[in-house]
Amino acid sequence: MNDNQMLLTPITLPGGLELKNRIWMAPMTRSRADNPANKPFGIHEKYYAQRASSGLIITEGSQISQEGVGYINTPGIYSDAQVEGWKGVTKAVHDKGGKIFIQLWHVGRISHPDFHNGNLPLAPSAINPNEKSFTPEGFKETVTPKEMTREEIKKTVQDFKNGGKNAMGAGFDGVEIHSSNGYLLHQFFNATSNTRRDEYGGSIENRAKILFEIIDALKEVMPEQKIGIRLNPSLHGVFGMTADENTIPTFEYIVEKLNSYDLAYLHLSEPFSDVSDIPYLVTEVAKHFRPLYKGTLVANGGFDQAKGNKIIEEGDADAVAYATLYIANPDLVERFESGAELAQPDKETYYTPGEKGYTDYPPMKKS
Ligand SMILES: Cc1cc2nc3c(=O)[nH]c(=O)nc-3n(C[C@H](O)[C@H](O)[C@H](O)COP(=O)(O)O)c2cc1C
């Protein structure tokens with residue numbers, strides 16, 4: 001079963017980070033940081049260490065500032081207490097021979113005033129996504145956010161930089177900028193969430209500007225080879241994101257410009273929903289962008305073992321990131337090696353506190 005599986009072959013990232021396989025763990029919010037400091041602790045160490053056979057773990061989205069938060073019990077990477085908490089996680093993963101990046105996150109307009117003492121969430125423009133926000137009191141309607149001033153944009157860029165600095169201090173192998181899935185940076189890219197008239201709105205170049213400012217700021221505190229970027233170009237109908245004729249050209253511009261850096265990787269998600277009837281979008285994201293990107297490309301979204309091996313064999317990706325499969329299969333790599341059956345996750349415990357549905361999925365039975 002394990003013969004000739006491309007997923008099981010090693011890969012070295014720019015900068016020399018050696019990964020033992022191409023089965024990566026995709027970022028997944030699990031909402032277990034249920035303490036006032038929103039810091040990771042023992043159960044996070046256990047959860048990530050259980051998954052250390054993955055070629056590269058990308059942690060759950062971790063807010064880079066108090067303004068960036070949008071869900072209950074998600075961990076941060078802006079305070080000393082949080083850095084201390086993450087040190088335990090990186091050590092636990094490294095002790096088991098794993099590698100781990102942290103995903104740097106700001107939700108923008110998907111947040112709610114309940115997280116900000118009644119103040120409005122920040123976004124490129126004052127446009128309500130008309131979605132639900134998961135607040136301490138349960139789901140609530142989102143509000144019309146505050147349009148960010150230039151100073152607030154500058155501060156946010158600095159917050160990402162500080163998140164990167166903290167990530168290095170916490171022992172991470174690198175960071176992934178969360179510029180996908182309808183959150184802050186994606187809100188800048190998309191015309192329906194960004195109607196600004198200054199240098200951050202209007203043209204494709206302007207709407208992409210903040211991402212490159214963040215990469216440049218992060219480069220001051222870490223080598224660019226430790227920075228990964230996540231994009232979801234064909235996202236449609238999620239968090240108020242609506243595609244138009246500029247959507248794919250925007251991502252083509254971004255991906256081509258990323259070639260001027262020597263980044264750790266580009267992480268692309270396949271469409272989260274059927275977009276075959278949306279004329280502006282591409283249905284096969286990795287296939288579309290592979291010819292444009294010169295560096296390491298990791299594909300995500302709806303892959304199983306066979307599809308994962310196939311996309312690497314066909315040259316449309318260098319690695320595959322698995323999310324949902326990692327919830328109930330901490331030893332996904334060993335299962336792919338042996339062809340063992342996969343366990344099914346319990347959706348009820350995706351975001352609930354404690355170890356249930358988090359660290360209590362057993363490894364496969366060895367015959
Ligand atoms: C429980 C859960 C939490 C998620 N949290 C994040 C997150 O924090 N950051 C992110 O970029 N994507 C997040 N995602 C999206 C996944 O990384 C991935 O793109 C998606 O699940 C599709 O991959 P899959 O088919 O392998 O599950 C989450 C998905 C799930 C199921």
Side-chain angles (χ1 to χ4, degrees), residues 7 22-33 38 40 44 47-48 51 54-64 68-77 100-108 110-111 134 163 175-187 189 211 228-236 238-239 241 265-275 284-286 298-309 311 317 319-330 332-333 335-336 342-353 356-358 361:
L7 282 169
R22 296 162 191 250
I23 300 165
W24 296 9
M25 179 173 162
M28 269 186 293
T29 292
R30 303 301 312 277
S31 303
R32 258 66 178 186
N38 288 143
H44 297 80
Y47 169 75
Y48 284 113
R51 288 154 180 79
S54 159
L56 180 66
I57 293 171
I58 305 156
T59 71
E60 61 211 279
S62 304
Q63 57 268 12
I64 43 100
V69 73
Y71 296 83
I72 58 165
N73 302 334
T74 57
I77 181 71
I100 182 165
F101 275 40
I102 185 170
Q103 193 185 45
L104 304 179
W105 192 25
H106 189 308
V107 307
I110 303 303
S111 192
F134 190 24
V175 303
E176 176 175 286
I177 301 174
H178 194 348
S179 35
S180 67
N181 299 356
Y183 295 114
L184 182 73
L185 304 183
H186 200 161
Q187 291 159 26
F189 305 155
L211 173 63
I229 310 289
R230 189 170 220 213
L231 300 173
N232 193 335
S234 283
L235 190 74
H236 182 74
V238 175
F239 288 157
M241 289 287 130
Y265 61 83
L266 170 63
H267 187 173
L268 293 176
S269 291
E270 296 297 329
F272 279 2
S273 56
D274 180 6
V275 295
E284 291 183 290
V285 170
V298 54
N300 162 256
F303 287 91
D304 59 13
Q305 182 178 0
K307 284 188 195 158
N309 279 310
I311 193 167
V320 177
Y322 293 90
T324 323
L325 289 186
Y326 255 115
I327 293 180
N329 299 282
L332 189 65
V333 171
R335 293 188 200 225
F336 280 3
L342 298 181
Q344 296 308 313
D346 173 13
K347 287 198 173 129
E348 299 299 316
T349 51
Y350 275 11
Y351 306 109
T352 48
K356 191 169 177 337
Y358 190 52
Y361 289 107

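Counting starts at 1 for both ligands and their atoms, following the listed order.
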Exercise answer: donor-acceptor pairs, residues 342-349 side-chain atoms, under 3.5 Å, sequence neighbours excluded:
residue: D346; atom: OD1; partner: E348; partner atom: N; Å: 3.0
residue: T349; atom: OG1; partner: D346; partner atom: O; Å: 3.1

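- Partners of T59 according to the side chain to side chain donor-acceptor pair (under 3.5 Å) rule, which considers only residues two or more places apart in sequence or in another chain, do not exist here.
- The aromatic rings of Y183 and W105 sit perpendicular to each other, their planes meeting at more than 60°, with 30° as the lower class boundary.
- A donor atom on one side chain and an acceptor atom on the other are not found under 3.5 Å apart for N73 and R30.
- Listed by chain and number, the residues in a side chain to side chain donor-acceptor pair (under 3.5 Å) with Y326 amount to none (sequence neighbours excluded).
- Ligand 1 is surrounded by A26, P27, M28, T29, G61, Q103, H178, N181, R230, S269, F272, N300, G301, G302, Y322, A323, T324, Y350, Y351, each with at least one heavy atom closer than 4.0 Å.
- A distance below 6.0 Å separates the ring centres of F336 and Y322.
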